[in-house]
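Reviewing the structure listed below.
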Amino acid sequence: AKFKEGLAKTRDTFTSKVNDLVARYRKVDEDFFEELEDVLLQADVGFETVMELMEKLRYEVQRKNIKDTEGIQTLISEKLVEIYEQGEQDTISLNIQPQGELTVILFVGVNGVGKTTTIGKLAHRLQSEGKTVMLAAGDTFRAGAIDQLQVWGDRVGCEVVKQSEGSDPAAVMYDAIQAAKKRNVDVLICDTAGRLQNKVNLMNELEKVHRVIAREVPDAPHEVLLALDATTGQNALVQAQTFKEATNVSGIVLTKLDGTAKGGIVLAIRNKLHIPVKFVGLGEKMDDLQPFDAERYVYGLFA
Ligand code: GDP
């Protein structure tokens, strides 16, 4: 139900537009295809993905000799899922280590995208699965970031390892790992600074943090999750590209999907970056983080 509610904006806009097209055209022709193309582009599905979809649709329509637009929604859904999956099996589930071993999850993303909120939500989610969670306040750059993480730590009831503003994030990570080991914590979630203004700084900082984590815990970080704001549309793609160059992103969390009618961005991201979307943010509360399932998502758009 959460998933459906969160997608209401995208569904209402996108679905009503497609349904309207279907009702107006009745027959599948070139004009219908062109208008459909526009509707998809407006939903931020992305140029390449739309072109690929149109090609597949045209082919299927011809092959199956489809004349009427009625029921074409199902065909669109099928093809969207096909494009999303693209033969690559997504591992939506997180790479969590066996009981007794520490899992380290590193969070990256630009300020304001919902990174802190997502960390809090994920901590809550893992705790409700019976895991002990600790947070590391690795964003020592932005004023207020440490306090904000502490607020989430208090809210979900987990310890936050922190130092003062301006301290070395790598030192915070080191401390946090020692504390997590000492207390037999299952999952350590690490925040990082999200300044993109200086790409070299960002890269250096992430590299250093990465190095410290890898030195202290074998095979860590086990996940590097990039938070992207769905409401920023194609801009999110540009950010993703930058972070992909700066670090080994293993998964994406697409936040604020509830706040946009352009939810098609999720398809564009997958198709363009080949990084799985592991979670979507569908609200501001603790429970508003859901694992992403392409099939459920696409069929949900027309349900
Ligand atoms: P950060 O700067 O990346 O750490 O961003 P924050 O976690 O502080 O989030 C920025 C704003 O976005 C806050 O007001 C959050 O409540 C809001 N936010 C975060 N995730 C979501 C989401 O999935 N849906 C909605 N509607 N708001 C969100």
Side-chain angles (χ1 to χ4, degrees), residues 1-13 44 92 105-126 133 135-156 158 160-162 165 169 172 189-198 202 205-206 209 223-233 235-240 242-243 246-247 249 251-266 269 277-293 296-297 300:
K2 268 268 153 61
F3 202 72
K4 244 183 134 169
E5 274 167 42
L7 288 176
K9 277 196 189 170
T10 298
R11 196 177 52 244
D12 289 354
T13 313
D44 258 345
I92 297 165
I105 298 175
L106 191 63
F107 258 90
V108 298
V110 173
N111 292 335
V113 296
K115 187 153 44 88
T116 315
T117 308
T118 304
I119 290 172
K121 289 173 182 172
L122 184 62
H124 174 65
R125 192 178 180 88
L126 292 169
V133 180
L135 307 181
D139 184 357
T140 58
F141 186 77
R142 184 170 64 95
I146 299 169
D147 293 341
Q148 209 193 330
L149 193 70
Q150 184 66 60
V151 169
W152 270 102
D154 294 341
R155 194 174 289 159
V156 303
C158 67
V160 180
V161 175
K162 57 188 179 186
E165 209 179 294
V172 178
I189 308 179
C190 308
D191 192 11
T192 59
R195 55 182 194 280
L196 252 195
Q197 294 81 350
N198 188 331
L202 174 85
E205 184 165 318
L206 288 179
V209 161
E223 291 280 353
V224 179
L225 299 180
L226 169 64
L228 294 175
D229 181 341
T231 65
T232 62
N235 229 332
L237 277 175
V238 179
Q239 284 172 22
T242 306
F243 277 97
T247 186
V249 180
I252 285 165
V253 180
L254 194 62
T255 65
K256 309 186 200 179
L257 203 53
D258 57 308
T260 179
K262 300 182 166 209
I265 189 70
V266 78
I269 283 173
V277 175
K278 298 215 173 187
F279 292 97
V280 291
L282 299 168
E284 297 184 277
K285 291 194 290 297
M286 238 188 260
D287 292 318
D288 296 333
L289 185 74
Q290 296 283 323
F292 179 71
D293 178 331
R296 234 174 106 210
Y297 170 80

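Computed from a predicted model, the values in this text were never measured in an experiment. One-based numbering, in listed order, for ligands and for the atoms of each.
Atom CG of Leu149 and atom SG of Cys158 lie 8.0 Å apart (nearest 0.5 Å).
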List the atom pairs, donor and acceptor, that lie under 3.5 Å between side-chain atoms in residues 258-265 and the rest of the protein, sequence neighbours left out.
{"from": "Asp258", "atom 1": "OD1", "to": "Gly283", "atom 2": "N", "distance (Å)": "3.4"}
{"from": "Thr260", "atom 1": "OG1", "to": "Lys262", "atom 2": "N", "distance (Å)": "2.8"}

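Between Thr118 and Leu289, the shortest heavy-atom contact is CG2-CD1, 4.1 Å. Nearest heavy atoms, Phe107 versus Thr192: O-OG1, 2.6 Å.
A search for side chain to side chain donor-acceptor pair (under 3.5 Å) contacts involving Asp229 returns Thr231, Lys256, not counting sequence neighbours. The side chain to side chain contact (heavy atoms under 4.5 Å, CB included) test applied to Ala236 returns Leu228, Thr232, not counting sequence neighbours.
For ligand 1, residues of the protein lying within 4.0 angstrom by heavy-atom distance are Val110, Asn111, Gly112, Val113, Gly114, Lys115, Thr116, Thr117, Lys121, Arg142, Gln148, Lys256, Asp258, Gly281, Leu282, Gly283, Glu284.
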